[in-house]
Every structure is written in C-alpha cells, then in structure tokens.
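The first residue in the sequence is number 1, and the count goes up from there. First listed ligand is number 1; within each ligand, the first listed atom is number 1.
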Amino acid sequence: MRTQVVIIGGGPAGLLLGQLLHRQGIDSVLLERHSREYVLARIRAGVLESGLVDLLREAGAGERMQREGLKHAGIYLANSNRGFRIDFERLCGGSVMVYGQTELTLDLYQARDAMDAAMLHQVDQVQIHAADTEHPAVSFVRDGHEQRIECDFIAGCDGFHGVSRKTIPASLLREFERVYPFGWLGVLSQTPPVSDELIYASHERGFALCSMRSPGLSRYYLQVALEDKVEQWSDEAFWNELRQRIPHAAAESIVTGAAIEKSIAPLRSFVAEPMRWGRLFLCGDAAHIVPPTGAKGLNLAASDVYYLWRALRQYYHDGDEQGIEDYSATALSRVWKAERFSWMMTKLLHRFPQQSPFDLRMQQAELEYLESSVAAQTSLAENYLGLPY
Ligand code: FAS
Ligand code: PHB
C-alpha cells in the first residue's frame, strides 16, 4: 500500500489534519489503535479558540458546532467564594466557543466518512520506518495480518503515550516536564449549568471549575489529591465539596444530579523538542501536554495541525520545503507561550502542598491585581482567547 501522508492517531489532531489535507487533494491513511466507539467515549476538552473554530469550518466539519456550540464572551474567576468577570469582548473584542471535544471528534469522523478516506481502527504494533530518509514507511498489525504503507510523510498524532515521539532518537530529543502534585476529578451531569459562563474558583480547600457542554449538560472539576481514587468520591461528596469552593450565589443555586461520567486526570506540563525528525512530524499531545487550567490542550493540537497542513500544502502544491523546515520552530514558539499561560493559571488558582504563607500572599495579591487591573485582565484575556497562529 502507498499514500502521501500516514497519520498515526485518530483523535482530534489526526482527524483534523486528515480532513484539511483531503480538501487540498492530498491523500492520507489514518491509523487508530482503538475502536471508534472507544475514542468517542472519551470526555476531554470543552473550550475552542477561534483558530480551531475557523479550521473546523475550513475542514468542512463546523456546521453542527456552529449550530450547537455556545459562544462565550467572558469567564469568571473567583477568589475565596467571591467572583469577578474577565470580559473578553470589552478587553480584546473576542470570544471562545464552548463545544465538547467528543462532539468535535464525532463531527470529524463523519466528515472523514463522507470523503470515503482510509481510516483503519484497532491497529496494533505500529512501527515507523526510515523516517529520516525520503522513503519512510509505517508497518502495523490488524486482524492478525502485518501490513506496511510506503509514504512521503508521517504525522505523529498519537498522543502522549503514542509511538511517534518514542521513534525520535533519544540523542536528538529534549524533554521538559513538570508534574503537578494534584489531579482533577471531573464530573459530567445532565443538569443545567450553574452559570452562563465558566467559573474558575481559587479556594483554600482547593481549585474548582464550573463548565458545561450544553444548556442541559454540565461539566465540573475539583482539584483532588494525587492519591485520591474516583471510587472515594460519591456524587454527594462531590457536590458538597464543590459548593464550598465556588461563589456563594452559585453554591446556593446549583442544580445537582447523578454523575454520568466521573474520572480523575493527572496534571502535567510537558514539551518534547524538536517536533520533527526527517519526514516524521509530531502534532498535539504527542509533542506536548498542558494542565487543563488554561483550556489549551486541544487548541494547541489545532495550531500544530494548521502549521503542518500549511507546510504540506506548500510542498505538494509549490514544491517548496520551507514550511517543512520551519514547522518545529514555528509550532514550538506558540506551544511554549501556551505552556506558560497554562502553568501560570495553574499556579495562580490551585493550592500546592507545602505552600508557604508568602506563597499564599502572592496568590492573593495576583488575584486582587487581576480583579483591579484592566492591563492584567487584558493579558489574561488575550491568552485565554488564543494567541495568533
Ligand atoms: P489524543 O490523545 O486525543 O489522540 C491520540 C490518538 O492516538 C488516540 O485516539 C489514541 O488511541 C491514538 N493512538 C495512540 N497510540 C497509538 C498508536 N501506537 N497507533 C495508533 N493510534 C494510537 N484539553 C483541554 O483543552 N481541556 C480539557 O479539559 C482537557 N481535559 C483532558 C482530560 C484528559 C483525561 C486528557 C487525557 C486530556 C485532556 N485534555 C484537555 C487534553 C486533550 O483534549 C488533548 O489536548 C487532545 O485530546 C489532544 O488531541 P490529540 O493530539 O489528537 O491526542
Ligand atoms: C471543560 O469544559 O472540560 C473545560 C473547560 C475549560 C478548562 C478545562 C476544561 O480550562
């Protein structure tokens, strides 16, 4: 078998890239380790930057998002049960789209089905060959049979635990990491959201986030200890703790209900450099991870895909390799700024074990400065909305 681009990973990065390439007449084969049902059962991100919204439209997969997505022109920050609003519209003239990653992934799957493009699920033992030559290839096992695809390029969109990053020789790879000493316990409930916009709450008991997926589907998070197990958290315990951490008005009005999904995610900041080795390119979580406090994970996958799509279009349409040469440095420049913002938001809003009294005063001063300063709020707003591609 032969194709122009092999895409490893059928999450948002791989699916979006495949769709954009197709619309430029560039063929791809997409390999996914799990079944479609498994991929679509994952509850992940919820906030789309305008750059991702535009890319979904460009990919011909933005119609349902346009219809069902919720346009948000601000967020609330809360400091010890007292909230204040960051007005994106007034400060930066922008907004974000609240639309679940699960729905976005489904839309991209359906778009790929419509273009009748090759997408192979439940592939095992994926291996990358000769990525540092002009004739790379990918082999894999499916239904017990080994197969091999010759190609021009390989897009490693296979997430943090994928095979792509591990294929780059360790002598060439530099990894940067910070693991946080807590996790996020997430709950999805078929209840009306407690607020019209997201609430990021800093509290002495720990961080809390009130988010949503639709007018009837809410998503909430609590900072929990790393050793916590999801079985320890009954629905009642979750709601009682959330009420204590969010602004009093929200705590009094929140509609609670059964958790239809409950999980604990660890938090880390991670970047691998470079994001390219020969004809292998890393995109999305395969190259970097952010703590979800800045809502950047999915959105960084989108900007990586944009840069790689642009580079491959330049190569195939104009025979120009400049975009390919520039890909890693261009993508990393935006990645590191989003890493900084995500780390800053996490440091600002969470309680860390062994935090000194001075550290706590710094957090309080930062939150009070944010509440009182248009300049500080403008900086937060432009990062949350998403820095330019
Ligand atoms: P993904 O991990 O989504 O997709 C990679 C795909 O590659 C997977 O489908 C995997 O099965 C497949 N794969 C892996 N190895 C393979 C192999 N060897 N062969 C073939 N396929 C292989 N971001 C936010 O912005 N906000 C959030 O609230 C948020 N919450 C998150 C919660 C959790 C538990 C996790 C893990 C991440 C969360 N993220 C969040 C980040 C998340 O949204 C990612 O940034 C986003 O999924 C990145 O997309 P991809 O790069 O496509 O990686
Ligand atoms: C979500 O809705 O899942 C969500 C929203 C914003 C974040 C993190 C998660 O910063």
Evaluate whether atom [atom1] of [X] has more than 12 neighbouring non-hydrogen atoms of other residues, nucleotides or ligands under 6.0 angstrom away.
X    : atom1 : answer
H135 : NE2   : no
W233 : CH2   : yes
Q190 : CD    : no

Sub-4.0 Å heavy-atom environment of ligand 1, residues by chain: I8, G9, G10, G11, P12, A13, L31, E32, R33, H34, V39, R42, R44, A45, Q101, V126, C157, D158, G159, G162, V163, Y221, A265, G284, D285, P292, A295, K296, G297, L298

Side chain to side chain contact (heavy atoms under 4.5 Å, CB included) partners for A59, two or more places apart: L16, Q19, L20

Test side-chain hydrogen bond (donor to acceptor under 3.5 Å, both in side chains) applied to Y200 - qualifying residues, sequence neighbours left out: Y384

First-shell residues of ligand 2 [heavy atom, distance under 4.0 Å]: R44, G46, V47, W184, L198, Y200, L209, S211, R213, R219, Y221, P292, T293, A295

Any side-chain donor near an acceptor of the partner, Y180 and R178, under 3.5 Å: no

Heavy-atom check, side chain of L17 versus side chain of L30, under 4.5 Å: no

Side-chain ion pair, D235 and K262, N-O less than 4.0 Å: yes

Validation row, ring centre Y327 to ring centre F281 under 6.0 Å: yes

